[in-house]
Each structure stands twice: as structure tokens, then as C-alpha cells.
Amino acid sequence: MKDYFCAEISESQLNKTITTCGWVATRRDHGGVIFIDLRDHTGILQIVCNPDNKKIFSIAERIRSEYVIQITGKVTSRKKGAVNKDLSTGTIEVVVDKLEILNHSKNPPFKVNDDETNEDQRLQYRYMDLRNFNMQKNLRFRSNLIKLIRNFFYDRGFIDIETPILTKTTPEGARDYLVPSRIHTEKFFALPQSPQLFKQILMIGGFDKYFQIAKCFRDEDLRADRQPEFTQLDVEMSFIEQQNIMRLCEELFSIIFKDLLNIKTKLEFDILEYNDAMNEYGCDKPDLRNPLKLIDIKKILKNIEFKVFSDHVNNKNSRITALKIPGGCTLTRKSIDDYTDSIKKFGAKGLAYIKCENINDIEKGIISPIKKYISKDILQDIIKITDAQSSDLIFFSADKACIVNESMSYLIQRIGSDLRLLKDEWSFTWIVNYPLFKLDAQTKKYTSMHHPFTSPQNIEDLDSEQISEIKSKAYDLVLNGNEIGGGSIRIHNKDVQNKIFKLLGLNDKEIQNKFDFLLNALDYGCPPHGGIAFGIDRIVMLLLGLPSIRDTMAFPKTQSSSCLLTQAPSHVDKEQLTELSIKTLNKK
RNA sequence: GGAGGCGUAGUUCAGUUGGUUAGAACGCCUGCCUGUCACGCAGGAGGUCGAGGGUUCGAGUCCCUUCGUCUCCGCCA
């Protein structure tokens with residue numbers, strides 16, 4: 001039906017007669033001559049309908065926005081004054097001598113390339129929104145990324161294996177999406193949160209290099225970077241160490257950046273220990289483009305009487321940190337109040353600060369509402385340990401460690417971006433040496449930091465009393481402050497796996513019910529193995545600088561997990577439920 | 001489960017202290033127009049102010065409930 005895409009037509013086809021198809025972006029009717037901007041994913045081409053061909057002209061008069069048309073005509077160069085510099089095809093136009101309307105369109109609910117359209121409109125009429133050049137770009141980039149990933153792994157001897165979507169519910173982790181079984185009354189499948197156990201079993205099955213672009217499902221609340229169904233690059237290998245996986249991933253991202261973003265410079269991958277990350281940044285996904293860091297000042301304050309600090313000085317679970325903001329004296333009272341307010345959602349009670357207008361004049365050069373509670377010596381120590389210069393501002397946070405960490409890591413991010421402190425670069429950071437367990441604040445039970453199949457660094461540690469001190473062979477990859485992937489070396493020994501389940505508080509019966517198949521499989525010659533998984537949607541979002549992973553998906557869901565295009569989820573017929581032996585509760 | 005923002009024409013939005021007939025831009029329709037490119041000009045149509053309730057002589061505006069959407073907290077091994 002066509003020889004070229006719209007924007008493929010250029011001066012190289014000058015005076016040739018070509019055929020192309022597309023959507024009508026705009027029509028400009030001058031009475032005597034009609035211009036049509038014809039659009040496809042490549043761009044826009046101006047076509048000209050002259051009145052001398054009455055048949056064509058009358059068709060052109062009936063054409064409206066988003067009509068699908070086919071045109072044949074001669075590629076003509078535009079006169080000097082008529083060149084449009086904003087179009088890649090702006091030096092030429094096609095003079096039509098055949099024009100066919102392939103399909104009509106209702107008047108569109110919004111202009112296709114108007115980027116002000118509200119998202120609910122875009123999602124309801126997603127087929128219109130997908131014609132937008134940005135969505136075309138995003139989804140085509142995503143496709144190229146997946147193609148590159150597949151080739152990368154195929155080239156290195158990896159096997160792409162599909163794992164079930166209908167599978168078994170797993171305890172811990174996220175809430176499962178459940179699918180009722182018709183044949184097995186009162187039993188349910190679960191959609192996979194990840195192919196974790198299947199890929200481990202593939203290792204036992206002798207596929208020593210596996211990968212998959214896998215759909216995963218988690219029934220949890222949504223965020224800009226979280227959807228109920230999302231796509232992971234899932235990788236697993238046998239007979240490898242942590243280093244092998246890390247080097248492989250670094251190679252993958254180097255190629256992605258070179259081939260897809262045309263970034264040729266060698267990517268640096270920082271490595272940070274989990275404990276250091278928490279101490280310096282208050283979180284396990286720091287953005288190392290940001291120069292702001294936390295400094296512990298508990299020791300300096302050990303003799304202070306000021307209650308805000310003294311309450312926490314001798315509390316093991318508390319943390320007291322300083323955050324120096326270079327040039328922060330320019331911050332207004334209003335913005336400091338804003339920052340103080342913004343960290344209250346993490347449970348922080350307040351945000352003390354001192355302005356170091358002149359560090360050589362403690363009397364007049366240091367200004368702070370809390371100055372009267374702090375001795376000169378301590379002030380000097382604080383200035384020294386933070387290496388504060390004149391015009392810097394120092395924030396203080398004293399509270400339970402988790403509150404300090406959450407609020408201050410938020411503040412680091414917020415101020416870093418407000419004051420434009422971030423370096424303009426891509427920052428990859430591996431976080432390693434994670435704890436194996438974390439204590440759930442509500443249930444007071446230990447849960448896995450990564451997942452229950454993660455290998456401890458030393459098996460003997462499992463017998464120690466200090467469970468929270470046990471380190472794991474887990475690793476996360478962080479890009480510009482976003483967790484894009486994580487993995488671990490897995491447990492390949494049945495006894496070790498059993499021990500972990502026990503430490504997690506599972507009894508024999510639960511272990512049997514939930515993980516019998518895994519433990520059995522471990523009994524039949526499981527090779528040492530490990531792997532990693534990456535969030536494809538998140539990677540596309542970051543690489544393209546998008547505000548949400550919804551813009552990386554053709555058909556995403558809203559924050560309340562509904563699809564505005566199809567109106568899913570929806571009620572089902574009673575017959576369907578009966579067949580599944582399901583009765584709904586009338587919740588009011 | 002919680003906090004906050006938004007919801008007014010097809011779309012994006014304005015709407016003052018509660019006050020007469022709810023506006024703009026774009027889009028749409030009709031007419032004019034042979035070089036525009038967000039064409040232009042003239043005219044026109046188009047509103048359950050998300051829904052329900054309340055206060056009031058009077059509600060787009062105030063109050064309550066509710067729905068939708070977005071951001072965040074909790075949650076997300």
C-alpha cells in the first residue's frame with residue numbers, strides 16, 4: 001500500500017512519484033489549495049491538494065483529523081519562503097494526484113500530539129495516545145532494549161525458557177493475585193511474583209544459563225514506578241560467584257548505553273556496602289550524583305543536655321546525624337519550614353539547623369534557634385566534623401535510626417534536586433553485603449531482606465545468636481538513586497534451606513506444604529547457582545527520563561489498579577462464579 | 001488503611017467575599033479564502049459545574065458523604 005513512511009520521504013526522491021499512508025494530523029484549507037500534514041510514527045509530511053483536480057479536491061475537503069488516508073503524488077521541493085525548518089521533511093512536499101480515504105475517524109477527544117492532555121483521558125483513549133510521538137518513541141525504545149537484551153544473552157549461550165503464569169501461592173513477600181481452579185474446587189493458582197523458584201529448578205535441571213523477559217504480578221498498592229503487572233529481565237546461572245553476575249550485568253549496561261543511548265564513555269560501577277550506604281545516605285539506594293551525605297554526631301553530643309539530642313545520645317536504637325548543605329545559608333525560613341514539614345510523614349518530629357554565616361565568629365557568625373542549647377565547644381566540633389565553611393547550613397536529625405534514615409535520605413534527595421547539586425551523569429552503584437534478615441517492626445519476627453532462598457555469606461553464622469548481623473550474598477544495582485535490579489547467590493543445600501525456613505519462623509508442616517518441591521529438588525544434585533532480576537519498565541523510564549513507568553507500557557493501570565480502556569476489573573456472571581464454586585461477600 | 005492535589009464545554013483551564021443569563025483558548029459546525037504549516041477572517045452550536053445530601057432568600061463557590069484521577073506514607077521477600 002505504500003513505498004515509504006512519511007518522514008522517509010526527502011529530497012532524494014525529488015520528482016519521483018511515491019505512495020504513502022498515514023493519519024491526518026492537520027488540514028489547512030485555503031479555499032483554493034488544501035494542505036494536509038500526514039503523520040505516521042516516523043514524522044510528518046506535508047501534502048498538497050490543488051483545485052485543478054476536482055475529484056481529489058472534493059475528497060480533500062471532506063477529510064478531517066485522524067482520518068486514515070493513502071496518497072500518491074510527486075515529491076516536489078518547496079520554494080525558499082515555504083520551507084518549514086521545524087519539520088525533518090520541511091524542504092519538500094508531495095503534490096497529490098491520487099487520494100483515498102482508507103478510514104474515517106470521529107472527532108478526536110484530544111489532539112494527538114498535545115502533551116498537556118490529562119492522563120485519564122490518555123488512558124481511556126489509549127489508541128489515540130499511542131499515536132503520540134512520545135509514546136511511539138518510548139515503546140519502540142523498549143522494544144529495541146528487549147531485542148538487545150535477548151541478543152546479548154543468546155550470544156553468551158543463555159537459554160530463554162518460559163515459566164508458568166499459573167503457579168503456586170508463596171508465603172511472605174507481596175500479596176498474590178489468585179486464580180480460582182475450576183477443576184480443583186476451593187483451590188487457587190497464584191500469578192508469579194517472579195519466576196524465582198522455577199529458575200532455581202531450571203538450574204537443578206541442568207540449564208546452567210537461563211534468562212527470560214518475564215511478566216510478574218504483585219497485588220500491592222501502586223506508585224509512579226510500581227504497577228501490579230510488570231516486566232523483569234530474569235537471569236540465573238550455575239557454577240558462578242557474585243562477581244560473575246556483576247561483571248555480566250556491567251557488560252550488558254555498557255552495551256545498552258553504547259548502542260541505545262550512544263554513550264560511548266566507559267560506565268563506572270561503584271560498589272557500596274549496605275552498612276556504609278545506610279550510614280552515609282540513610283538508604284540502600286543512594287544517588288551518588290548527589291554530594292550530600294550524613295555525618296554521625298552522636299559521639300560529639302555525648303554530654304549535651306539539650307533534650308532533643310540527649311534523649312537519643314544513649315539510646316542504642318537512635319541515630320543523630322548532621323547534614324551539611326554547601327551554601328545553604330541562602331535557604332529562606334520558608335523553605336526550611338517546608339523541608340521540616342515534608343519529613344513529618346516519616347515520623348520525624350522536627351528539623352534543627354544552624355546557619356554558618358561565618359565559621360570564624362562563633363558568637364555572631366553562627367545563627368540558629370537551638371544555639372543557646374549547644375556549647376561553643378560542641379559547635380566547634382560540629383563545624384569541624386562536617387567541614388562546614390562560611391555560608392553553609394547544617395541540618396540535624398535525632399530520632400530512632402529508621403526515622404532518621406528515612407527522613408534524611410528523603411531530604412538529601414529533595415535538597416539535592418532543589419539546589420541542583422546533582423552531577424550530570426549516569427551513576428550506577430552496586431549495593432553489597434546485605435543483612436540476610438530484617439526484623440519486622442510490627443510482628444517482631446525476622447523476615448528475609450532479599451528472599452528466603454538467598455545464601456548467607458557463611459553457613460556457620462546461622463548458628464550465631466546475632467541473627468540480624470548475618471550477611472548475605474545478595475546484591476542490588478542502583479541507577480541514579482533507583483533500584484533497577486537485585487539478585488543473590490542462592491542456597492543449594494537442603495539443610496541450609498531448611499534452617500533458613502526455621503529461622504523465619506516456619507514450622508515443619510508449613511515448610512512441607514509450601515516448599516516441599518524445592519527441598520526435594522535440592523536433594524537431587526543442585527549445582528551452586530545465583531542470579532539477578534531487573535525491572536525493565538523502570539530501566540526504560542530512567543533511560544528515557546520519563547516521570548512514570550506508565551509511559552513505558554502500552555496499557556498500564558491507574559493508581560487504583562483499573563484499566564480505563566477496558567474497564568477491567570469487572571463483575572462476572574453468576575454462572576461463571578458458580579462454575580468456580582465461588583460466592584462473593586456483599587461488603588458494605 | 002492514611003495525608004495531600006485535582007475534577008467546570010469535546011480538550012486544557014479561568015471563575016473574586018456565596019449574588020442577575022457560568023467564561024477563555026483550542027477543537028467542532030457553516031460560510032469566505034491558491035502557499036499555509038498551531039493558516040487566516042466572519043458567524044454558530046456546545047454545560048447534570050464528577051455524583052448525592054446539607055446550610056442559605058440564593059451554591060460552581062461553604063459543609064458532609066461518595067466516586068474518579070494523580071503524588072506520597074503504610075504496603076511492595
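So that the names make sense, note that chain A is the first sequence line, chain B the second, and so on, each numbered from 1. Any value given below was found using the heavy atoms of this structure, including those in side chains, with hydrogens, waters and symmetry copies removed.
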Between B:rC70, B:rU69, B:rG35, which nucleotide gets closest to the side-chain atoms of A:Asn50? B:rG35
At 4.0 Å (heavy atoms only), tell me whether A:Asn118 reaches a base, stays on the sugar-phosphate, or touches nothing. sugar-phosphate
From the list B:rC70, B:rC73, B:rU12, which nucleotide is the closest neighbour of the side chain of A:Lys345? B:rC73
Go through the N and O atoms of the side chain of A:Arg64 and the base of B:rG27, and report whether any donor-acceptor pair is under 3.5 Å. no
Any N or O donor-acceptor pair under 3.5 Å from the base of B:rG35 to the side chain of A:Glu93? yes
So A:Asn107, base contact, sugar-phosphate only, or nothing? Heavy-atom distance under 4.0 Å. sugar-phosphate
Just to be sure I understand the rule, does A:Ile44 reach a base, reach only the sugar-phosphate, or reach nothing, if contact means heavy atoms closer than 4.0 Å? nothing
Contact class for A:Gln193 (heavy atom, under 4.0 Å): base, sugar-phosphate, or nothing? nothing
Between B:rU11 and A:Phe110, is there a base-stacking contact, meaning the centre of the base's six-membered ring lies under 5.5 Å from the residue's ring centre while the planes stay under 30° apart? no
From CZ of A:Arg62 over to P of B:rC29, roughly how many Å is that when rounded to an integer? 14 Å
Look at the side chain of A:Arg218 against the base of B:rC76 and say whether a donor-acceptor pair falls under 3.5 Å; ignore hydrogens and angles. no
Side-chain-base donor-acceptor pair under 3.5 Å for A:Arg27 and B:rC39: no
Can you tell which of B:rU34, B:rG74, B:rC39 lies closest to the side chain of A:Thr26? B:rC39
Going by purine N1 to pyrimidine N3 plus the second Watson-Crick contact, or the G-U wobble pair, all under 3.5 Å, which nucleotide sits opposite B:rG27? none
Sort out the partner of B:rG60 for me: Watson-Crick or G-U wobble, both distances under 3.5 Å, none otherwise. none
Measure from the side-chain heavy atoms of A:Gln46 and tell me the nearest of B:rU69, B:rG35, B:rC72. B:rG35
Base, sugar-phosphate alone, or nothing: which one does A:Ala174 contact when heavy atoms must sit under 4.0 Å apart? sugar-phosphate
B:rG74 base to A:Asp221 side chain: any donor-acceptor pair below 3.5 Å? yes
For A:Thr170, report the nucleic acid contact type (base, sugar-phosphate, nothing); a contact means any heavy atom under 4.0 Å. nothing
A:His30 stacking on B:rC33: centroids under 5.5 Å, ring planes under 30°? no
Classify the nucleic acid contact of A:Pro51 as base, sugar-phosphate or nothing, counting any heavy atom under 4.0 Å across all strands shown. base
Quick note, A:Ala82 side chain, CB onward, closest among B:rG35, B:rC13, B:rG27 is B:rG35
If you look at every strand shown and take non-hydrogen atoms under 4.0 Å, does A:Lys438 touch a base, only sugar-phosphate, or nothing? sugar-phosphate
Distance criterion of 3.5 Å, no angle test: do you see the side chain of A:Arg78 paired donor-to-acceptor with the base of B:rC37? yes
